[in-house]
Amino acid sequence: MNISILGAGAMGSLFGGLLAESGQKVRLLDIDERHLEAIRRQGLRLETDSSDRRIDGLAACRPEQAPGHADLLLVFTKTLHTEPALRSAAGHIGAQTLVLTLQNGLGNAEAVSRHVARERVLIGMTNWPADLLGPGHVRSHGEGVVRVLGLEGGASRGASQVAQVLDGAGLQCRVDRDVWTSIWEKVAFNAALNSLCAASGCTVGQLGAAPEGVALARHMVLEVLAVARAAGVAVDEQRCLDSVAFAMANHRDHKPSMLQDVLAGRATEIGAINGEVLARARQAGIAVPHTETLLGLLRLIEARM
Ligand SMILES: NC(=O)C1=CN([C@@H]2O[C@H](COP(=O)(O)OP(=O)(O)OC[C@H]3O[C@@H](n4cnc5c(N)ncnc54)[C@H](OP(=O)(O)O)[C@@H]3O)[C@@H](O)[C@H]2O)C=CC1
Ligand SMILES: CC(C)(CO)C(=O)C(=O)O
């Protein structure tokens, strides 16, 4: 399969590297010239639990330079950049190209659908972790899964084929008819950990070590899940609280991507996480005071950058 990764930072490089190792033809599309140049010159350095190695044979260029049409375009920019990225990759998206978003937050399906026919849009969730350590160098420690589904066609042939390809790369992927449950539960997880760590500067372990951190994370999870239920999505409160507790106990040194964005002076994905939850809560007439306060705090932090 000809697979292009749109946004080849931490996650895009991890997925691109593993897909290339599994024998797929992979092209990384990004705007970070130093990262692209490092990959073209020395390959991608990928550190995982199994080994620290270099992966050669990855094509790397800017989106507008990508030749021909991809069979699969995997969108892994931050949510803020989805639409400009898709616009610059427009020439690379043909009538048969499937486009998959595994980004965090809500509103990704809608953003992709503004550029691609809905029957070729695949949505999903991943909890694989990744960090970009420098140009051409990505690290991922720990395990994860991927869940995918066709936006229109449900468990379509496209979704099954893509799931098989990702699974074949060791990414533990399957088609999930309840993909919205996975997406909303991940939103609750991110709303709790990412916004609280980004606002406080705490690592996940520091948040979990403070009774106030645990209590606030619980409030956030319960608020997001109430909005999910109002949207008709069956979510599991205990599973979600357990995954937050697991991260607090086992990913103690992790700085969620939103905290990394704040520390680097970059705009965050707070709009796609707390912002989208608040918008849906208002439509449903549900109060989400913790989610709203954290949204405000992150907006203030962004305003002083
Ligand atoms: N990191 C993680 O552990 C996880 C992240 N996610 C989600 O995955 C998504 C990607 O996250 P992550 O990999 O961490 O993000 P990164 O910031 O590491 O990577 C995004 C990449 O997209 C590039 N980019 C920005 N604008 C464009 C554009 N117009 N065209 C092409 N590329 C562009 C960025 O370049 P530049 O830096 O120059 O802007 C960057 O290299 C997010 O939605 C995140 O929430 C999900 C699960 C885990
Ligand atoms: C916490 C993590 C790595 C979970 O996948 C994540 O989604 C993030 O840092 O944004």
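All heavy atoms count here, side chains included; hydrogens, waters and symmetry mates do not. Whatever order the structure lists ligands and atoms in, that order sets their numbers, starting from 1. Predicted model, so just to flag it, every value in this text is computed and none were measured.
- Close contacts between ligand 1 and P129 involve ligand atoms 3 (O) [criterion: under 4.0 Å to a heavy atom].
- The backbone N or O of M1 sits less than 3.5 Å from a side-chain atom of Q24, completing a donor-acceptor pair.
- Residues passing the ring-ring contact (aromatic ring centres under 6.0 Å, His included) test with H219 are H290, sequence neighbours excluded.
- Rounded to the nearest 0.5 angstrom, S13 OG and L44 CG are separated by 5.0 Å.
- Within ligand 2, counting atoms from 1 as listed, the ones closer than 4.0 Å to a heavy atom of P256 are 9 (O).
- Heavy-atom proximity to Q103, at under 4.0 Å, picks out these atoms of ligand 1: 43 (O).
- P256 and L193 get closest at one heavy-atom pair: CG-O, 3.9 Å.
- Here's the thing with N104: one of its N/O atoms is less than 3.5 angstrom from an N/O atom of ligand 1.
- For atom 2 (C) of ligand 1, the candidate residues are E33, M125, M11, R266; the nearest heavy-atom contact is made by M11.
- Annotation: side chain of D242 is not in contact with side chain of R239 (no heavy-atom distance under 4.5 Å).
- Using a 4.0 angstrom heavy-atom cutoff, H254 counts as in contact with ligand 2.
- Here's the thing with N190: one of its N/O atoms is less than 3.5 angstrom from an N/O atom of ligand 2.
- Between A130 and ligand 1, an N or O atom pair is found at a separation short of 3.5 Å.
- When side chains are defined from C-beta on, L14 counts as touching L46, because their heavy atoms get closer than 4.5 Å.
- Residue pairs meeting the ring-ring contact (aromatic ring centres under 6.0 Å, His included) criterion with at least one member in residues 67-116, sequence neighbours excluded: F15-F76.
- Although no hydrogens or angles enter the test, the distance criterion places no donor-acceptor pair under 3.5 Å between the side chain of T97 and the main chain of L72.
- Residue contacts with ligand 2, taken as heavy atom pairs separated by less than 4.0 Å, do not involve M258 at all.
- If you take CG on D49 and OG on S140, they are separated by 7.0 Å, rounding to the nearest 0.5 Å.
- Nearest protein neighbour of atom 17 (O) of ligand 1, counting heavy atoms only, is K78 NZ, 3.2 Å.
- With a 4.0 Å cut-off on non-hydrogen atoms, T126 does not touch ligand 2 at all.
- Counting the atoms of ligand 1 from 1 in the order shown, those under 4.0 Å from a heavy atom of P63 are 30 (N), 31 (C).
- Near E269, meaning under 4.0 Å from one of its heavy atoms, ligand 1 places the atoms 42 (C), 43 (O), 44 (C), 45 (O).
- Close N/O approach between T126 and ligand 1 is not found [any backbone or side-chain N/O within under 3.5 Å].
- Considering backbone and side-chain N/O of A10, one or more are found under 3.5 Å from N/O of ligand 1.
- Inter-residue side-chain proximity for L298 and M258 is flagged as met; some heavy-atom pair is nearer than 4.5 Å.
- Atoms of ligand 2 lying under 4.0 Å from any heavy atom of F189, numbered from 1 in the order shown and given with element: 1 (C), 4 (C).
- With a 4.0 Å heavy-atom cut-off, ligand 1 is reached by no atom of A272.
- The protein heavy-atom contact nearest to atom 48 (C) of ligand 1 is W128 O, 3.2 Å.
- Closest protein heavy atom to atom 30 (N) of ligand 1: A85 CB, 3.5 Å.
- Assignment of L193 to the shell around ligand 2 is not supported, since no heavy atom sits closer than 4.0 Å.
- Atoms of ligand 2 lying under 4.0 Å from at least one heavy atom of N127, given by number and element, are 5 (O).
- Residue contacts with ligand 1, taken as heavy atom pairs separated by less than 4.0 Å, involve K186 solely via side-chain atoms from C-beta onward.
- For the pair M305/V262, a side-chain contact is recorded, criterion being any heavy-atom separation below 4.5 Å from C-beta on.
- For atom 15 (O) of ligand 1, a protein heavy-atom neighbour is present inside the 4.0 Å cut-off.
- With respect to atom 22 (O) of ligand 1, the closest heavy atom belonging to the protein is G7 CA, 3.4 Å.
- Within the structure, ligand 2 lacks K255 among the residues with a heavy atom less than 4.0 angstrom away.
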TODO: Would you check, one step at a time, whether the test salt bridge (charged side-chain N to carboxylate O under 4.0 Å, His left out) holds for E302 with R299?
DONE: CA-CA 5 Å; E302 288 178 335; R299 289 295 187 220; 3.0 Å; yes
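- Geometrically, ligand 1 and D32 share no nitrogen or oxygen pair separated by less than 3.5 Å.
- At least one heavy atom of I31 sits closer than 4.0 Å to an atom of ligand 1.
- Nearest protein heavy-atom contact of atom 21 (C) of ligand 1 is D30 OD2, 3.5 Å.
- With rounding to the nearest 0.5 Å, the separation of CG in L149 from CE in M125 is 12.5 Å.
- For atom 8 (C) of ligand 2, the closest non-hydrogen atom of the protein is S257 OG, 3.4 Å.
- Remark: E269 CD to N108 CG distance equals 8.0 Å, nearest 0.5 Å.
- At least one donor-acceptor pair closer than 3.5 Å links the side chain of T203 to the backbone N or O of R252.
- Contact check for L196 versus C202: no side-chain heavy atoms found under the 4.5 Å cut-off.
- Contact of the H254 side chain with the C197 side chain is not registered, since no non-hydrogen atoms from C-beta on lie closer than 4.5 Å.
- Note on ligand 1: M258 sits outside its first shell, no heavy atom being nearer than 4.0 Å.
- Contact check for I183 versus L106: side-chain heavy atoms found under the 4.5 Å cut-off.
- Considering CG of L166 and CD of Q172, their distance stands at 12.0 Å, rounded to 0.5 Å.
- Here N190 contributes atom CG and I273 contributes atom CD1; the two are 4.5 Å apart, rounded to the nearest 0.5 Å.
- Looking only at heavy atoms of the protein, atom 20 (C) of ligand 1 is closest to F76 O, 3.7 Å.
- T77 O, 3.6 Å is the protein heavy atom nearest to atom 9 (C) of ligand 1.
- The protein non-hydrogen atom at the shortest distance from atom 19 (O) of ligand 1 is G9 CA, 3.2 Å.
- Shown in contact with N104 at under 4.0 Å from a heavy atom are these atoms of ligand 2, numbered in order with element: 7 (O), 10 (O).
- Proximity of H251 to ligand 2, defined as any heavy-atom pair under 4.0 Å, is not found for any part of the residue.
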